[in-house]
Amino acid sequence: MEAVNLLSSNKYTEKQIGYLFISVLVNSNSELIRLINNAIKNDLASRNPTFMCLALHCIANVGSREMGEAFAADIPRILVAGDSMDSVKQSAALCLLRLYKASPDLVPMGEWTARVVHLLNDQHMGVVTAAVSLITCLCKKNPDDFKTCVSLAVSRLSRIVSSASTDLQDYTYYFVPAPWLSVKLLRLLQCYPPPEDAAVKGRLVECLETVLNKAQEPPKSKKVQHSNAKNAILFETISLIIHYDSEPNLLVRACNQLGQFLQHRETNLRYLALESMCTLASSEFSHEAVKTHIDTVINALKTERDVSVRQRAADLLYAMCDRSNAKQIVSEMLRYLETADYAIREEIVLKVAILAEKYAVDYSWYVDTILNLIRIAGDYVSEEVWYRVLQIVTNRDDVQGYAAKTVFEALQAPACHENMVKVGGYILGEFGNLIAGDPRSSPPVQFSLLHSKFHLCSVATRALLLSTYIKFINLFPETKATIQGVLRAGSQLRNADVELQQRAVEYLTLSSVASTDVLATVLEEMPPFPERESSILAKLKRKKGPGAGSALDDGRRDASSNDINGGVEPTPSTVSTPSPSADLLGLRAAPPPAAPPAPAGAGNLLVDVFSDGPTAQPSLGPTPEQAFLSPGPEDIGPPIPEADELLNKFVCKNNGVLFENQLLQIGVKSEFRQNLGRMYLFYGNKTSVQFQNFSPTVVHPGDLQTHILSGLAH
């Protein structure tokens, strides 16, 4: 209470102690807050600049919502009042900034917003600095209300950049005029696109060129403060050039300037240079200029002592990679991976996998790269990576034989990572017949090699290997007796793990009971995986965070480079054609993410109606939007390639998809009792619009017309 009484004093020292006590020790929920607010309101209305500043400082220090509600309307008025002192304006701008950050909804936007922009022309540099901070925060939410600040900011920046260190003596820091204000103005300009006014844009470009020119001049002082202030303006200037991405000359000059910092003795400067060049690498104007520094960046990756700088070097190599240097960059990143810090190994594995896939012209090189990746850092190779290589090998006939040969040789190493066993089990189970003609990789040798790893693997890998064994029985009948002996062993049939026990029992029964034709049908080769976006890239984006999109997804620079099939994990639920052997390799360890609900009448409308179990039938063909927006009517008639094969399932099933194209899906559900049967036909609209005048017609074949009772349900 004594502190509140001090607020009413006319002595500066007593009032200062009262405000200091309240700012530090009074809780915003205190019973005295109403008395405090009344005292503050009196000081704000007193027109005494010293008392007004004390009151504004107290509001900013407390920053409670109650104070915001009480004074949010008064502070803008004080800020733009013509008779307010410069110190009061400066304090009011910072106080309003504090309240806006705490409670944006309490600060009303009104006519004062247009007047606050003109504070950028104020003669007092402190007022301008505070106003720039306030406008930068406000314009992020209300850019249209403050768009007139661009021309004023450019004008003020031009005066600062072109001035000598003696012109702004009170705001010159180690021979650098107003460095903090310059940085704030450059950040404010990054909130808006390039100026449309040619005169303003020309003046801004002149400012940016002046900053780049000054960076080349000899330093005026050897003090570290001088270089810090100078470099702060330079890096913010480069950030603005990158943000505009419209001046090729400035972008190349910025890249060359950053290249000089790559070998600077200051670690922070090397880090900032690498970080900025990562963004420059995604620009079509400066990408080639960034590539000229590849040797320096590779050297930084090898020799830097700071792990954060090495990580930025790896990011820059990833960003500057294209077809011309992909093999060099991938090989260097693989070499670095052997000694890389454990904290960044998974990220580097993902980047190597993405680059090897994106820029692979020779698919054998891609296979070699991924297998080397597993050999060097197998613990950090996630499921997405080895799923992806299986997808590509399955979809590319020209690489299947090479992949089988290479993985067979890799499995012969005494110490073999479990992920290598998974890849080897899948590829040999599918394509082992392509290398079976060589006595060194005959079927018995392939089986013995895989089975030698069996007891060292986890349950999931052993389940996959059991599926490979049953595939071998189909591919290589001469191994049937040996494999049945393994399946018949007590360690399999009475295994404590239910999954392994069930697989052993079912595979043993299948190999013993089924005929050769049935076995060949059940264990047929996996069909190609559908074309989808690579899940590795999606995982890397998640790992890097929401702000990494531009650096990771630079497909606009080389849109035609991703020749390898895009796809998701090779789980059976994504296979385009259902197969009895869909889960033989046990890749359904984790279910795929649930798709968002489709609009009525779209996609898999019929699936739940006539499916026998909970497993969802995958949709075939393009999305409904792609189908509906196709170029012309000639594209909507033909069924998708798998449509003819849909009829085969009705040999042993009563329900399923009868016909499907890009617009329509026809399903059938039937049931029979003795000599009577009932059949339902379902018509699914796969587009996002409603069919008009749609009417199915039932044609009675021959003399069956008298025995068929037809009805149409809508």
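Below, all heavy atoms of this structure are taken into account, side chains as well, without hydrogens, waters or symmetry copies.
Atoms CG and CG, from Leu234 and Leu269 in turn, are 9.5 Å apart once rounded to the nearest 0.5 Å. Between the CG atom in Leu94 and the CD1 atom in Ile75 there is a gap of 11.0 Å [rounded to 0.5 Å].
Formation of a donor-acceptor pair under 3.5 Å by the Arg156 side chain with backbone atoms of Ser151 is not found in this model. Using a distance-only test at 3.5 Å, with no hydrogens or angles considered, no donor-acceptor pair links the side chain of Asp341 to the main chain of Ile344. In this structure a side-chain-to-backbone donor-acceptor pair under 3.5 Å is present from Tyr192 to Pro143. Side chain of Ser331 to backbone of Gln328: a donor-acceptor contact under 3.5 angstrom is found. At least one donor-acceptor pair under 3.5 Å links the side chain of His124 to the backbone N or O of Val127. Formation of a donor-acceptor pair under 3.5 Å by the Asn419 side chain with backbone atoms of Val381 is found in this model. Using a distance-only test at 3.5 Å, with no hydrogens or angles considered, a donor-acceptor pair links the side chain of Thr394 to the main chain of Leu390.
In this model, a donor atom of one side chain and an acceptor atom of the other lie less than 3.5 Å apart for Ser133 and Lys184. A donor and an acceptor atom, one from each side chain of Tyr174 and Asn228, are nowhere located under 3.5 Å apart. Checked by atom type, the side-chain pair Ser282/His287 shows no donor-acceptor distance below 3.5 Å. Side-chain polar atoms of Ser155 and Arg159 form a donor-acceptor pair below 3.5 angstrom. Side-chain contact, Thr267 with Asp306: no donor N or O sits under 3.5 Å from an acceptor N or O. A donor atom on one side chain and an acceptor atom on the other are not found under 3.5 Å apart for Lys222 and Ser227. If you check the side chains of Arg312 and Tyr271, you find a donor sitting under 3.5 Å from an acceptor. No hydrogens or angles considered: a donor-acceptor pair under 3.5 Å links the side chains of Asn213 and Arg253.
Between Asn121 and Leu152 there is a side-chain heavy-atom pair separated by less than 4.5 Å. Counting heavy atoms from C-beta on, the side chains of Glu357 and Tyr366 come closer than 4.5 Å. Proximity of Leu138 to Phe146: side-chain heavy atoms (C-beta onward) are separated by under 4.5 Å at one or more points. Between Tyr380 and Leu350, every side-chain heavy-atom pair lies at or beyond the 4.5 Å cut-off. Taking 4.5 Å as the limit, some side-chain heavy atom of Met277 sits within range of a side-chain heavy atom of Cys255. Between Glu247 and Ile241 the shortest side-chain heavy-atom distance does not fall below 4.5 Å. Using a 4.5 Å heavy-atom threshold, the side chains of Val349 and Ile376 count as separate.
When the shell of 6.0 Å around NZ of Lys214 is examined, it contains more than 12 heavy atoms from other residues, nucleotides or ligands. Other residues, nucleotides and ligands contribute at most 12 non-hydrogen atoms within 6.0 Å of the CD atom of Gln123. Under a cut-off of 6.0 angstrom, the local environment of CD in Gln263 is sparse, with at most 12 non-hydrogen atoms contributed by other residues, nucleotides or ligands. Atom CD of Glu196 is surrounded by 12 or fewer heavy atoms from other residues, nucleotides or ligands within 6.0 Å.
Between Lys201 and Glu206, no side-chain nitrogen of the basic residue sits less than 4.0 Å from a carboxylate oxygen of the acidic one, so the salt-bridge criterion is not met. A salt bridge does not link Asp379 to Arg345: none of the charged nitrogens lies less than 4.0 Å from a carboxylate oxygen.
Nearest heavy-atom pair across Val117 and Cys149 is CG1-CA, 3.6 Å. Closest heavy-atom contact between Ser276 and Ile242: O-CD1, 3.7 Å.
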Check your understanding: Would Ser103 and Asp105 count as a side chain to side chain donor-acceptor pair (under 3.5 Å) if you check the C-alpha gap in whole Å, the side-chain angles of each, and the deciding distance to 0.1 Å?
Key -> CA-CA 6 Å; Ser103 304; Asp105 57 304; 4.8 Å; no
**Study point:** Intermediate values then yes/no, ring pair (Phe, Tyr, Trp, His ring centres under 6.0 Å), Tyr173 and Trp180
**Key:** CA-CA 9 Å; Tyr173 181 79; Trp180 285 276; 4.8 Å; yes
**Study point:** Chi angles and distances behind the side-chain contact (heavy atoms from CB on, under 4.5 Å) call for Leu208, Leu186
**Key:** CA-CA 10 Å; Leu208 301 179; Leu186 289 166; 4.3 Å; yes
Exercise for review: Begin from the C-alpha positions of Asp368 and Tyr402 and carry the test side chain to side chain donor-acceptor pair (under 3.5 Å) through to its verdict.
Suggested key: CA-CA 10 Å; Asp368 289 337; Tyr402 180 82; 2.6 Å; yes
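Results of the side-chain contact (heavy atoms from CB on, under 4.5 Å) test with Cys321 over Ile294, Leu316, Ile329 single out Ile329 as the only residue that passes. Partner Val161 forms a side-chain contact (heavy atoms from CB on, under 4.5 Å) with one of Val211, Ile233, Thr237 and no other, that one being Val211.
Close placement of the Phe261 and Phe235 rings is indicated, their centers lying within 6.0 Å of each other.
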